[in-house]
Amino acid sequence: MPPPPPSSRLLALLSARRPPPPLRRLLQIHAHLLAAGLLQDFSSLLAAAYALSTTATATDARTSPPSPLRHALALLSSLPASAYNAAIRALSLSDDGDRHGHGVVRRCLPLYRALLRSGTARPDHLTFPFLLKACARLREWGYGDAALAHVLRLGLDSDVFVVNAATHFLSIRGPMEDARRLFDRSPVRDLVSWNTLIGGYVRRGNPAEALELFWRMVAEDAVVRPDEVTMIAAVSGCGQMRDLELGRRLHGFVDSDGVSCTVRLMNALMDMYIKCGSLEMAKSVFERIEHRTVVSWTTMIVGFAKFGLMDDARKVFDEMPERDVFPWNALMTGYVQCKQCKEALSLFHEMQEASVVPDEITMVNLLTACSQLGALEMGMWVHRYIEKHRLVFSVALGTSLIDMYAKCGNIEKAIHIFKEIPEKNALTWTAMICGLANHGHANEAIEHFRTMIELGQKPDEITFIGVLSACCHAGLVKEGREFFSLMETKYHLERKMKHYSCMIDLLGRAGHLDEAEQLVNTMPMEPDAVVWGAIFFACRMQGNISLGEKAAMKLVEIDPSDSGIYVLLANMYAEANMRKKADKVRAMMRHLGVEKVPGCSCIELNGVVHEFIVKDKSHMDSHAIYDCLHEITLQIKHTADLLSISAAGAV
DNA sequence: TTAGGGTTAG
């Protein structure tokens with residue numbers, strides 16, 4: 001027998017993602033020994049593992065296990081239930097650095113099977129709380145349901161710990177009605193039972209039910225009183241409801257009811273105040289926290305960012321004594337949401353300099369920034385980074401990638417990713433539909449919409465913006481009318497300004513100006529500049545001067561400083577040979593002192609974003625850029641001439 | 001033994 005290898009090598013062997021079958025068995029034993037405190041037998045296991053790892057083939061080891069392994073296997077078969085329970089507990093709570101801890105948690109399941117097979121031990125009231133917790137973490141619904149059946153068979157359904165763990169499992173598995181039924185029918189109920197159910201409703205986005213249950217608990221159950229955990233759930237449910245009045249009431253309840261106001265609860269209160277729109281209250285809670293945690297600081301960053309106060313958010317970030325990846329992501333999200341995308345990218349560079357390991361949320365933020373900037377190269381770099389570092393490929397990440405490629409001009413790549421990704425939700429479909437629509441692939445966009453519906457995905461307001469704009473691009477009036485009506489009648493979605501402007505644009509472009517005007521007159525909100533713009537353009541196209549004038553006047557009314565509309569109105573008159581009116585508008589423009597607002601564009605090159613305004617000469621390569629622009633203009637003119645010659649020839 | 005606060009996509 002060779003000497004045992006160093007323990008680090010053994011640990012590496014044991015924690016391999018797919019260890020060979022004999023080693024897998026050893027892993028189970030290892031977990032038992034570790035958790036049951038039987039490490040004095042570990043030396044024989046070390047030797048066995050080493051022997052197995054150096055055995056020529058795994059089959060040899062299975063058919064003729066070396067004696068130390070036989071020894072370890074014998075040890076396993078004589079372990080009591082408590083050793084299994086301790087091991088399942090240790091594994092269900094573990095986090096081995098894998099973001100979801102699944103690598104280690106998953107080992108609970110073979111351990112439970114081994115316990116069932118052991119012959120000497122039976123699962124008991126201490127086994128199921130942790131087993132069900134592991135099943136919930138792993139989203140192992142089938143396994144968890146089987147465990148629940150065992151609970152019933154073993155008559156453990158009157159143990160409050162087991163029932164609470166089962167309620168928790170069901171609240172994660174869904175539907176919530178299953179958890180609720182268990183709670184309602186259970187003869188045993190304690191504080192944790194209430195907290196589990198209230199927390200479950202909050203987690204599943206049903207705060208009204210959570211709060212109702214909370215008040216029922218306060219009123220009905222004389223034995224249990226809400227504690228810190230109850231209040232965290234109630235307060236965060238209130239945040240979801242955006243109900244500041246209720247929030248204040250709950251805060252008052254905390255202060256008056258003797259609930260210990262811990263940092264966690266204060267953090268939850270801050271979060272609630274931010275969601276309910278009271279930054280001041282959040283700040284006041286933050287200032288009263290004696291020992292702030294990273295969560296407290298992060299919540300404050302989120303608060304400032306949500307209110308667009310990015311300088312304050314940055315100040316809080318700089319003042320933090322220590323940071324994990326959350327505050328970095330929170331600040332970056334703020335920059336992205338405030339459309340300060342260059343700052344978001346620069347924060348990422350700072351993050352790298354600080355050696356903070358980014359996660360998939362950082363990547364989602366970066367991709368959103370790239371989408372907004374049209375920064376394809378940076379976006380591609382992010383894509384490579386995700387693949388290289390094997391980040392968790394969440395639905396959100398897939399959706400951001402599709403959106404980034406579509407918005408940065410590479411629709412083929414967006415389609416490719418859409419086809420490849422394993423999980424798609426309504427947002428993923430929407431990103432694809434909008435991408436296709438914006439690239440002029442109207443029929444494909446509509447086809448995707450129909451498939452999405454067939455697959456049972458629920459479209460929302462933004463999905464309809466995608467399909468309506470697809471119809472608009474392709475002039476599909478009949479389909480547009482159908483979707484516009486379906487939105488309300490079948491999907492019960494409120495039609496917003498953007499839907500009306502899409503529909504009005506579609507009708508106007510297709511020559512149905514009367515119908516477009518009628519829609520403008522009957523829409524439930526005051527038409528905005530986009531709506532009147534669509535009407536104006538349609539009028540100009542079709543020479544409807546009177547309605548065009550009305551639309552232009554409305555546009556001037558909405559934004560008198562917008563020079564564009566004066567120019568366009570003058571052009572409309574000129575095109576209709578109404579010179580006098582055209583001159584009058586130009587004179588009016590001069591008289592009012594309206595100046596043209598310079599348009600701004602930006603491009604990304606080698607990961608650097610360059611901004612340009614009209615007649616901009618500030619760029620260091622300005623000369624070369626203008627030379628190139630001149631060359632392109634000449635080429636376009638040349639091509640246009642050739643086309644007109646060939647068109648004339650064809651006639 | 002069971003419940004629990006902060007960051008993400010269209």
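Computed from a prediction, not measured in an experiment: that's the story for all the values here.
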hbond_proxy A:Asp324 side chain to B:dG6 base (donor-acceptor, 3.5 Å cutoff): yes
Where along residues 327-340 of chain A does a heavy atom come under 4.0 Å from DNA chain B, residue by residue in number order? A:Pro327, A:Asn329, A:Thr333, A:Gln337
Quick one: do A:Glu280 and A:Lys283 make a salt bridge, cutoff under 4.0 Å? yes
Please find the pair of heavy atoms, one from A:Ala470 and one from A:Ala445, that lie closest to each other, and give the distance. CB-CB, 3.8 Å
Got A:Ile274 and A:Met281 here, is their nearest side-chain heavy-atom distance under 4.5 Å? no
What closest approach, in Å, do A:Cys370 and A:Met378 show between heavy atoms, and which atom pair accounts for it? SG-CG, 3.4 Å
Is it the case that the base of B:dG10 and the side chain of A:Asp460 share a donor-acceptor contact (distance under 3.5 Å, atom types as modelled)? yes
Can you tell me if CD on A:Glu423 sees more than 12 non-hydrogen neighbours from other groups inside 6.0 Å? no
Taking CE from A:Met351 and C1' from B:dT8, how many angstroms apart are they, rounded to a whole number? 12 Å
Taking 4.0 angstrom as the limit, do A:Glu212 and A:Arg216 come out as a salt bridge? no
Under-4.0 Å side-chain N/O to phosphate OP1/OP2 contact, A:Lys424 with B:dG10: no
I'd like to know if A:Arg180 and A:Asp184 make a salt bridge, using a cut-off of under 4.0 Å between side-chain N and carboxylate O. yes
Rounded to the nearest angstrom, tell me the gap between atom CD1 in A:Ile274 and atom C1' in B:dT7. 13 Å
When rounded to whole Å, the CG to P distance for the pair A:Asn164 and B:dT2 reads 11 Å
Please check if the number of heavy atoms outside A:Arg249 that lie under 6.0 Å from its CZ is greater than 12. no
For A:Leu131 and B:dT2, what is the distance between atoms CG and C1' respectively, to the nearest whole Å? 13 Å
Sequence neighbours left out, what passes ring-ring contact (aromatic ring centres under 6.0 Å, His included) with A:Phe393? Give chain and number order. none
So does A:Asn425 reach the base of B:dA9 with its side chain, donor to acceptor, closer than 3.5 Å? yes
Need one value for A:Ser236: base, sugar-phosphate or nothing, where a base atom within 4.0 Å counts as base even if backbone is also close, heavy atoms only. nothing
Residues in residues 290-311 of chain A with a heavy atom under 4.0 Å of DNA chain B, by number, are A:Thr293, A:Val294, A:Val295, A:Thr298, A:Thr299, A:Val302
If every non-hydrogen atom of A:Met266 is compared with every non-hydrogen atom of A:Val285, which pair is closest and at what distance? O-CG1, 3.5 Å
Looking at A:Arg204 and A:Glu209, is there a salt bridge between them, counting it only when a charged N and a carboxylate O are closer than 4.0 Å? no
Let's see if you get this right: which residues in residues 122-130 of chain A place a heavy atom under 4.0 Å from DNA chain B? A:His125, A:Leu126, A:Pro129, A:Phe130
Give one of base, sugar-phosphate or nothing for A:Val162, where a contact means two heavy atoms less than 4.0 Å apart. nothing
Is the distance from OP1 or OP2 of B:dT2 to the nearest side-chain N or O of A:His168 less than 4.0 Å? no
Nucleic acid contacts of residues 185-209 of chain A, taken as heavy-atom distances under 4.0 Å to DNA chain B: A:Val192, A:Asn195, A:Thr196, A:Arg203
Starting from C1' on B:dG10, measure out to NE2 on A:His448 and report it in whole angstrom. 14 Å
note: A:Gln372, atom CD; B:dG10, atom P; distance rounded to Å ~ 8 Å
Between B:dT8, B:dG10, B:dG4, spot the one nearest the side chain of A:Ile361, thanks. B:dT8
Distance check, rounded to the nearest 0.5 Å: A:Asn195 atom CG versus A:Glu228 atom CD? 10.0 Å
Integer-rounded Å distance: B:dT8 C1' and A:Leu397 CG: 9 Å
side-chain hydrogen bond (donor to acceptor under 3.5 Å, both in side chains) partners of A:Asp178, counting only residues at least two apart: A:Arg173, A:Arg181
What do you reckon, do A:Phe161 and the base of B:dT2 stack, with centroid distance below 5.5 Å and planes below 30°? no
Over-ring placement of A:Arg189 relative to A:Trp194, 6.0 Å and 45° cut-offs: yes
Any side-chain heavy atom of A:Cys135 sitting closer than 4.5 Å to one from A:Leu109? yes
Rounded to whole angstroms, how far apart are CD on A:Gln240 and P on B:dG6? 10 Å
Pair of N/O donor and acceptor under 3.5 Å linking B:dA9 base with A:Ser400 side chain: no
